[in-house]
Number of protein chains: 2
Amino acid sequence: MTERKGKANLEDIARVTGVSKMTVSRVLRGVSGFSDDTRLRVTQAAVKMGYVPNRIAAAFSSDQASTLVGMCVPRLTSGLFGHVLDGVDRALSRLGYQVMIGSNNHDPEEEEAWVRQVVSWRPAGVILSGRTHTPGTVDLLRQAGMPVVEIWDLTTSPIDMSVGFSHYDCGSEIGQFLIRKGRRRAGYVGALSRSDVMGQARLQGFADALMRSGTPLVDREVLHDSPGFYPGYYGLETLLARRPDLDVVYFHNDEMAIGGLAYCQSRGIRVPEDLGIVGWGGMEAASVLPRRLTTTIVPTTTIGKVAAEALVARLRGEAGQDVTVVPTRLVPGETG
Amino acid sequence: MTERKGKANLEDIARVTGVSKMTVSRVLRGVSGFSDDTRLRVTQAAVKMGYVPNRIAAAFSSDQASTLVGMCVPRLTSGLFGHVLDGVDRALSRLGYQVMIGSNNHDPEEEEAWVRQVVSWRPAGVILSGRTHTPGTVDLLRQAGMPVVEIWDLTTSPIDMSVGFSHYDCGSEIGQFLIRKGRRRAGYVGALSRSDVMGQARLQGFADALMRSGTPLVDREVLHDSPGFYPGYYGLETLLARRPDLDVVYFHNDEMAIGGLAYCQSRGIRVPEDLGIVGWGGMEAASVLPRRLTTTIVPTTTIGKVAAEALVARLRGEAGQDVTVVPTRLVPGETG
DNA sequence: TTTCTTTACGTTACCGGTAAACCAACAACA
DNA sequence: TGTTGTTGGTTTACCGGTAACGTAAAGAAA
């Protein structure tokens with residue numbers, strides 16, 4: 001009776017139950033229109049035989065049935081994107097979807113390579129990070145005709161949908177804030193200049209805000225390294241060696257800013273009296289420092305959640321907006 | 001000529017090229033035994049027609065062809081697992097595999113629910129975190145007969161393969177280290193006691209080592225919260241309120257330890273003179289603190305990479321070891 | 001009684017690949 | 001001259017579901 005082997009299929013269940021394959025399929029999918037008796041016998045047989053549905057076959061036959069969603073982030077090791085991923089995964093897995101991940105290291109070419117792979121799995125939808133894509137990527141996704149959500153960096157002309165905020169505005173807001181606080185000689189320490197267009201947008205917004213106030217950005221130091229603590233530490237050291245007269249430094253992100261704080265502490269530079277330190281991102285560590293870091297908090301989990309929900313709404317044919325702004329929050333802190 | 005529509009399939013290419021569908025399939029997969037002329041015509045037609053391979057159909061027909069690998073972690077928001085995921089993804093995507101993620105919040109039941117979903121996609125293999133699984137999980141994976149790698153927490157009797165280290169030994173090693181440093185009254189601050197069996201194992205190893213030296217663990221404070229900075233801060237506060245005479249505290253992980261450090265700083269407790277602070281995990285932030293944290297560094301990326309490679313080796317039928325120990329490293333630091 | 005509905009299921013065809021087996025033409029060999 | 005290989009393909013059957021449509025039987029309506 002226990003005809004296991006882990007390979008029972010609908011037909012096996014049909015044979016055992018004495019109904020047709022189609023009936024088994026429908027009963028197991030919860031389609032209505034069957035007697036309680038049939039329903040019970042089918043479901044019990046399925047359990048007893050250890051039936052494992054074959055989504056490959058299901059997706060193959062109907063292509064409506066794919067529950068795969070692709071999600072590409074710049075770096076899996078980023079704390080911020082870990083939270084975004086968590087928001088996406090929580091929202092999607094609750095609705096029965098599976099998430100395929102990828103990372104592109106801020107490189108649109110790598111992203112295209114990933115999209116090429118993912119599209120061949122005919123997913124229900126795709127979530128990308130950023131608004132910078134190769135023409136090939138856009139083409140592939142357009143041809144595939146599936147929902148696409150671009151997150152993180154807002155764009156007003158998305159491939160399909162967009163959920164995020166403006167990096168330019170983040171930088172601009174910080175710039176204005178620092179001007180109001182009386183800072184006049186600002187510097188910037190960043191990383192990965194070439195490829196991270198979003199970091200560049202923050203810098204641009206920052207520099208433009210300063211410029212408008214008549215106190216342009218004094219100097220910048222951009223390392224070709226991943227934006228971690230050490231690059232922040234050494235980046236600040238290099239920058240201050242060139243420009244000891246800076247009164248505030250804006251960092252690519254909180255990790256780098258914390259590295260900068262460590263440098264100040266090691267050199268006896270008083271923060272914020274001698275030098276202001278400002279980060280971006282809102283990593284949790286930043287809030288338990290002796291002095292709460294001045295930074296911009298980004299609603300990571302929310303962005304993931306909203307993106308996932310927008311995607312599912314579109315799959316269900318519900319109307320939704322194409323562009324969703326998820327606001328960031330400037331935290332004055334005690335270091336700026 | 002440009003018969004786009006994004007839905008060209010092998011048969012379309014075959015028709016255009018004047019060969020059979022099978023020839024197209026083999027040429028595109030790089031099977032040898034075709035004339036250069038045929039090969040060229042087929043590949044060119046495929047490019048021109050914007051052919052996107054259908055892996056669903058391929059996996060369906062051959063079930064050897066699945067390039068999907070499932071990977072389940074306790075929490076996507078953990079910095080450590082972000083690095084593990086990165087190691088896995090880098091290694092697998094380079095070899096043409098796609099990673100489906102999931103998280104189980106340290107709950108074996110959630111893991112089983114995830115496994116049930118993933119197995120129905122007939123993946124090439126599965127990577128799980130931890131060694132604690134429900135019987136249902138083990139059954140599903142055994143029945144499916146696919147490679148399974150359990151990572152992070154080493155087990156000598158894996159479902160299939162295991163890559164990791166002993167959490168018990170981590171705790172034990174720290175215990176011995178602190179004894180040698182002259183500590184005699186040790187406490188512990190942890191989180192998520194019920195569900196995180198790996199954290200519990202570290203605590204057990206720690207307590208056992210202390211016990212063997214005749215200076216048993218004095219007290220512990222375990223919060224029912226995620227193991228972040230604030231729980232570390234308040235956990236230490238609570239613990240010290242009960243036991244002001246402790247001379248060292250072992251934390252569930254580095255985040256919590258940093259929270260503990262913040263508490264000490266806020267209360268004027270000198271570290272390590274008045275109180276030793278010890279973490280676990282080796283998060284990057286811990287190494288740029290004014291005082292380098294005493295902790296255990298875990299080779300996160302390596303574990304992911306090794307696990308992925310072990311899985312692929314098994315898929316290719318190469319011999320490999322079932323259990324791979326990836327050693328951790330105790331960092332003496334300046335806070336212990 | 002006849003016809004119409006509804007309920008509860010069954011039949012058929014097909015999704016797009018791939019494995020396995022088969023085949024035609026030609027060259028080489030003995 | 002027949003046999004054997006090699007090259008370069010083709011044919012057939014099938015993977016396990018699902019959409020679309022068909023239908024028998026029972027009850028309701030006319």
Side-chain angles (χ1 to χ4, degrees), chain A residues 5-43 45-46 49-68 117 119-124 143-145, chain B residues 5-43 45-46 49-68 119-124 144-145:
Chain A
K5 294 261 288 178
K7 39 187 58 165
N9 61 21
L10 289 188
E11 196 144 3
D12 298 331
I13 297 176
R15 200 174 17 254
V16 168
T17 320
V19 298
S20 74
K21 191 170 77 160
M22 201 63 223
T23 297
V24 178
S25 169
R26 298 211 271 237
V27 165
L28 292 182
R29 275 180 296 150
V31 176
S32 68
F34 295 92
S35 69
D36 288 350
D37 176 57
T38 300
R39 196 171 289 283
L40 195 69
R41 274 166 44 232
V42 167
T43 49
M49 298 169 75
Y51 174 67
V52 176
N54 187 335
R55 276 184 204 279
I56 293 281
F60 176 54
S61 93
S62 106
D63 85 330
Q64 234 72 321
S66 176
T67 57
L68 244 32
Q117 297 292 319
V119 166
S120 72
W121 280 103
R122 309 288 136 112
Q143 294 290 333
Chain B
K5 293 259 288 177
K7 40 187 57 163
N9 60 21
L10 290 188
E11 198 145 2
D12 297 332
I13 298 175
R15 197 170 23 252
V16 168
T17 320
V19 298
S20 73
K21 190 171 77 159
M22 200 63 223
T23 297
V24 178
S25 169
R26 307 232 276 247
V27 165
L28 292 182
R29 277 180 294 150
V31 176
S32 68
F34 296 92
S35 67
D36 288 349
D37 176 58
T38 301
R39 195 172 290 283
L40 196 68
R41 273 164 47 229
V42 167
T43 49
M49 299 169 76
Y51 174 67
V52 176
N54 187 334
R55 276 184 205 278
I56 293 280
F60 175 54
S61 91
S62 107
D63 85 329
Q64 234 74 318
S66 175
T67 57
L68 245 34
V119 167
S120 71
W121 280 101
R122 309 287 137 112

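Just so it is clear, the values below take in all heavy atoms, side chains as well, and ignore hydrogens, waters and symmetry mates. Bear in mind that the values here come from a model prediction, so they are computed numbers and not experimental data. Reminder, nothing fancy here: chain letters follow the sequence lines and each chain counts from 1.
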Tell me: [atom1] of [X] to [atom2] of [N], nearest whole Å?
| X | N | atom1 | atom2 | answer |
| --- | --- | --- | --- | --- |
| B:F60 | D:dA13 | CZ | C1' | 13 Å |
| A:D63 | C:dC14 | CG | P | 16 Å |
| A:D12 | D:dG16 | CG | P | 9 Å |
| B:N54 | D:dG16 | CG | P | 17 Å |
| B:I56 | D:dG17 | CD1 | C1' | 12 Å |
| A:E11 | D:dC15 | CD | P | 9 Å |
| B:D37 | D:dG9 | CG | C1' | 13 Å |
| B:M22 | C:dA19 | CE | P | 6 Å |

| message | Applying side chain to side chain contact (heavy atoms under 4.5 Å, CB included), can you list everything that pairs with A:T17, at least two apart in sequence or on another chain? | response | A:I13, A:V19, A:R41, A:V42, A:A45
Distance check: side-chain N/O of [X] vs OP1/OP2 of [N], anything under 4.0 Å?
| X | N | answer |
| --- | --- | --- |
| B:S25 | C:dG17 | no |
| B:S35 | D:dG9 | yes |
| B:S61 | C:dA19 | no |

Let's see if you can work this out: which of [options] has an atom nearest to the side-chain heavy atoms of [X]?
| X | options | answer |
| --- | --- | --- |
| A:F34 | C:dG17, D:dT18, C:dC9 | C:dC9 |
| B:Y51 | C:dG17, C:dT18, C:dG10 | C:dG17 |
| A:T38 | D:dG9, C:dC9, D:dG16 | C:dC9 |

By the 4.0 Å heavy-atom rule, please label [X] as base, sugar-phosphate, or nothing.
| X | value |
| --- | --- |
| A:S20 | base |
| B:T23 | base |
| A:R29 | sugar-phosphate |

| message | So, taking the atom named CD1 in B:I56 and the one named CD1 in A:I56, what distance separates them when rounded to the nearest 0.5 Å? | response | 4.5 Å
| remark: Rounded to the nearest 0.5 Å, the CG atom of A:N54 sits from the CH2 atom of B:W121 at a distance of 9.0 Å
| Does any non-hydrogen side-chain atom of A:V52 lie less than 4.5 Å from one of B:R122? | yes
| Can a donor-acceptor pair be found between the side chains of A:R29 and A:S25 at a distance below 3.5 Å? | yes
| field | Any N/O donor-acceptor pair, A:K21 side-chain to D:dG16 base, under 3.5 Å | value | no
| Quick one: the side chain of A:R26 and the base of D:dG17, do they pair up donor-acceptor inside 3.5 Å? | no
